Amino acid sequence: MANYKIFVTSYQLKNAFDKLFDDLMEDKTREMEPAEAVFTPLLTHQKQALSWMTSRENSNDLPPFWEEKNGLYFNVLTNFAVKERPEKVLGGILADDMGLGKTLTTIALIVSNFHNGKPLPLEQCEGSSMPSATRKKAALKEKSGDPEESGEPVGSSPLKRLHANSATADTIDEDAPQKKAKTTKKTAKKSANTKKGVVLLDDVDFAAALECTSSQAVPAKKSAKKSSGTGKGPSGAGGGSGARATLILCPLSVLSNWLDQFEQHIRADVTLKVYLYYGPERSRSVGLLSGQDVVLTTYNVLSSDFGNKASSPLHKVNWLRVVLDEGHVIRNPSALQSKAVLGLQSERRWILSGTPIQNSLKDLYMLLSFLKLKPFDVKEWWNRIIQRPVTMGDRFGLKNLQALVKGITLRRTKNSKVAGRALVQLPERRVFVQHVTLSEEEREEYEQVKREGRDIVGRYFQEGTVMTNYADVLAILVRLRQCCCHPSLVGKYTVAGDLGTPGELRERLINKITLVLNSGSDEECAICLDSLRQPVITYCAHVYCRPCICEVIRSEKEQAKCPLCRAQIKTKELVEYPGEEVEARSATGENWQSSSKVDALMSNLLKLRNEDPTVKSLVVSQFTRFLDVIELPLREYGFSFTRLDGSMNQKTRAKAIQDFQDSSPGSPTIMLLSLKAGGVGLNLTAASHVFLMDPAWNPAAEDQCVDRCHRLGQSRDVVITKFIVKDSVEENMVKIQKKKQELVEKAFGGKNTQNLKQARIDEIRTLMEI
DNA sequence: CAAAATTGGCGGG
DNA sequence: GGGTCAATGCCTA
């Protein structure tokens with residue numbers, strides 16, 4: 001139960017990246033107005049970003065650190081000279097904090113800087129949609145907030161009005177495309193034709209595509225006219241090269257956000273051709289793709305095209321611009337998706353990421369590599385000039401790194417100031433750590449699991465094979481962490497040590513018997529020829545009633561053979577069917593038992609509801625099965641809740657979010673959230689309390705999660721409660737988190753492989769208390 | 001021909 | 001190993 005709380009003031013983890021920027025903010029303050037086609041007025045810092053990005057794209061200069069000398073090109077960092085002019089780096093890293101409008105700024109860039117600072121030629125469709133545009137304008141004026149990437153308009157979303165007639169629950173709804181979840185593609189399309197808005201139409205197409213029913217060219221504003229716009233044809237050459245289209249890559253979870261934002265921020269009477277490259281029906285025509293203004297897809301789709309098919313259409317297009325949203329996902333150079341990204345052809349390249357460096361300096365390597373910043377796209381140079389010096393604590397190394405980053409990166413945080421005023425104003429946010437004490441039984445079970453784990457890991461230590469058996473070690477740690485949450489999470493049938501090979505074998509057998517028994521057909525025992533009672537499966541994978549087969553073994557003694565295949569069998573090798581017991585435990589409330597952590601959560605929730613029944617909370621865990629467990633007491637106490645995890649498709653997600661964000665009475669007050677589901681980009685501002693049920697390895701993940709409600713549009717102070725079990729792995733995890741954070745801040749996570757290994761082994765020592 | 005289940009890559013370290 | 005996301009084979013309608 002809960003016993004004491006520690007107040008931790010509103011801290012924010014200072015990202016190591018900021019260190020680089022401490023005194024580097026210099027003349028990136030020039031502003032630029034976006035093209036007329038951008039509907040939403042840009043905030044000051046967004047105009048600054050637009051100006052900076054445009055100048056990066058149009059620059060004719062040599063890339064950073066190159067100088068021309070006597071017809072040779074000389075790099076001031078490497079002291080090497082080459083004959084050929086190094087490729088220009090047109091682009092960079094936009095590393096603004098989340099919530100500052102990276103999406104809007106990028107949209108503005110796409111529309112405003114086609115070639116030579118000229119706007120993208122777009123066709124106008126006169127008349128028709130003016131009213132909606134005016135309405136939008138009015139709506140936006142009322143609100144003072146930031147027209148930001150997640151579609152913040154708080155009370156008066158323009159989209160809300162446009163959609164009011166089609167949305168089923170026509171209440172508040174910030175996140176636009178998701179709301180027609182209920183209208184099927186066909187019916188909605190009809191209604192779109194009859195009257196209202198073009199805007200609705202692409203939403204529908206989007207939904208359809210996500211449901212894998214269809215995907216087709218989706219001009220953002222579907223006017224029938226073929227383009228011929230202000231000059232150049234659709235595939236037509238802008239200044240010199242034929243490239244026109246911008247490719248945007250992003251995680252699935254923010255795909256809808258992008259479409260949404262295009263709609264919100266582009267004037268309704270302008271046609272921007274946006275194609276969603278997603279779903280099994282996506283067009284693989286290179287011509288079609290390169291004729292778009294924007295092609296939107298996910299990293300997964302790209303890499304799956306890249307890996308499977310001999311021909312990946314995306315790799316055949318000459319892009320004008322490639323944008324990596326949440327670009328840090330490509331930080332692992334050996335991952336297929338990273339290679340896929342490097343293989344793209346483009347004139348300009350951008351990385352958007354609030355946290356470009358997640359763990360170590362190494363993360364930067366891939367980013368520079370993508371940008372083709374010579375010579376640092378070559379691993380050896382990178383190591384020699386940057387990585388090694390910096391991790392060795394070389395002052396010049398750090399200086400070079402700073403200069404390097406400065407030249408290609410723009411970063412502002414929520415605390416940055418523009419002309420002495422904060423960029424954005426957010427409500428307070430406070431973090432509490434609530435320590436939980438295990439009950440006696442829980443403690444007993446925990447110690448049991450821990451002893452077993454320690455035995456195994458201890459053996460690895462003696463043999464010096466910790467690293468080779470790292471997977472096992474992790475598994476043990478996971479079990480311990482599960483113990484801290486709820487006993488039923490702990491896998492029962494992998495009690496290690498028991499047998500040599502059998503872990504796997506057992507698993508397979510259990511799978512098989514489960515399959516047989518759940519197949520629906522009433523299987524019968526080959527001995528009694530009746531339906532199975534107390535079914536067991538032999539090592540040779542045949543199923544009998546336990547009494548029947550035991551009788552056979554008893555009578556035949558050591559010679560006992562399987563009646564079906566004559567394999568040797570023993571009583572000890574019979575594997576029981578676990579299914580019923582497990583299902584009984586989790587499915588029905590019958591045998592359900594609580595846990596200390598669940599109790600702690602429930603008492604918080606009940607207290608909260610007493611104080612203010614309208615308060616909404618996020619309940620976050622890394623284990624979806626823990627969320628399953630929590631559902632029961634929630635129901636029991638009459639809480640109305642929704643749920644969001646990675647197994648849900650886009651449609652059900654949208655519904656869950658919409659329900660939760662709805663503020664009408666009777667709407668759900670709790671959302672069960674899987675830590676990584678959706679990752680970034682979600683708007684859960686209806687919640688003002690966050691319960692983090694178990695500590696994450698990566699504090700940044702927790703931070704991101706919290707930021708889903710602590711962002712623009714949040715009107716209340718946000719309270720975060722972290723549950724930590726006393727005297728357990730969880731406390732040790734927190735210790736390690738802290739130590740890591742210090743390391744990162746100090747030396748940029750400098751670790752070479754040797755130290756890294758040792759550090760991990762030490763970590764395991766700490767975790768297992770060996 | 002569409003929904004559920006399985007398989008595989010990835011990142012967590 | 002847990003979880004997520006895409007593709008694939010499978011089954012029912």
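Lettering follows sequence order; numbering is per chain, from 1. Model, not experiment: these values are computed from the prediction.
- For the pair A:E281 CD and C:dT8 C1', the interatomic distance rounds to 15 Å; values are reported in whole Å.
- OP1 or OP2 of B:dG9 has not a single side-chain nitrogen or oxygen of A:S303 nearer than 4.0 Å.
- Under the Watson-Crick and G-U wobble criteria, each requiring two contacts below 3.5 Å, nucleotide C:dG3 is paired to B:dC10.
- Among C:dA7, C:dG3, C:dT4, the nucleotide with an atom closest to any side-chain atom of A:D645 is C:dT4.
- Taking atom CG of A:L276 as the reference point, atom P of C:dA6 lies 11 Å away to the nearest angstrom.
- Taking atom CG on A:L644 and atom C1' on C:dT4, their separation rounds to 12 Å, with Å as the unit.
- Pairing of B:dA3, defined by two Watson-Crick or G-U wobble distances under 3.5 Å, is not identified with any nucleotide.
- The side-chain heavy atoms of A:V274 and A:L259, taken from C-beta on, include a pair separated by under 4.5 Å.
- Between A:R284 and A:D305 there is a salt bridge, since a side-chain N of the basic residue sits under 4.0 Å from a carboxylate O of the acidic one.
- Under the 30°/60° scheme for interplanar angles, the aromatic rings of A:F626 and A:H486 are found to be tilted.
- The side chain of A:S674 sits closest to C:dG3 out of B:dC10, C:dG3, C:dA7.
- The phosphate of C:dT4 has neither OP1 nor OP2 within less than 4.0 Å of any side-chain N or O from A:S253.
- Atom CZ of A:F623 is separated from atom P of C:dG3 by 7 Å (rounded to the nearest Å).
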Take A:R643 and A:E631 through the salt bridge (charged side-chain N to carboxylate O under 4.0 Å, His left out) test and state the conclusion after the steps. CA-CA 9 Å; A:R643 174 168 174 153; A:E631 285 192 12; 2.9 Å; yes

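- Contact between the side-chain N/O atoms of A:R282 and the OP1/OP2 oxygens of C:dA6 is not found at any separation under 4.0 Å.
- Not one side-chain nitrogen or oxygen of A:Y299 sits closer than 4.0 Å to the OP1 or OP2 atom of C:dA6.
- Minimum atom distance to the side chain of A:Y278 is reached by C:dA6, of the listed C:dA6, B:dC10, C:dG3.
- With B:dC10, C:dT4, C:dA7 as the candidates, the nucleotide lying closest to the side chain of A:A335 is B:dC10.
- Per the geometry, CG belonging to A:L302 stands 16 Å off P belonging to B:dG9, to the nearest Å.
- Among the nucleotides B:dC10, C:dA6, C:dG3, the one closest to the side chain of A:T624 is C:dG3.
- Side-chain proximity of A:Q337 to the nucleotides C:dA6, C:dT4, B:dC10 is greatest for B:dC10.
- In this structure, the side chain of A:E702 engages the main chain of A:A696 through a donor-acceptor pair within 3.5 Å.
- Rounded to a whole Å, the CG atom of A:N300 is 18 Å from the P atom of C:dG3.
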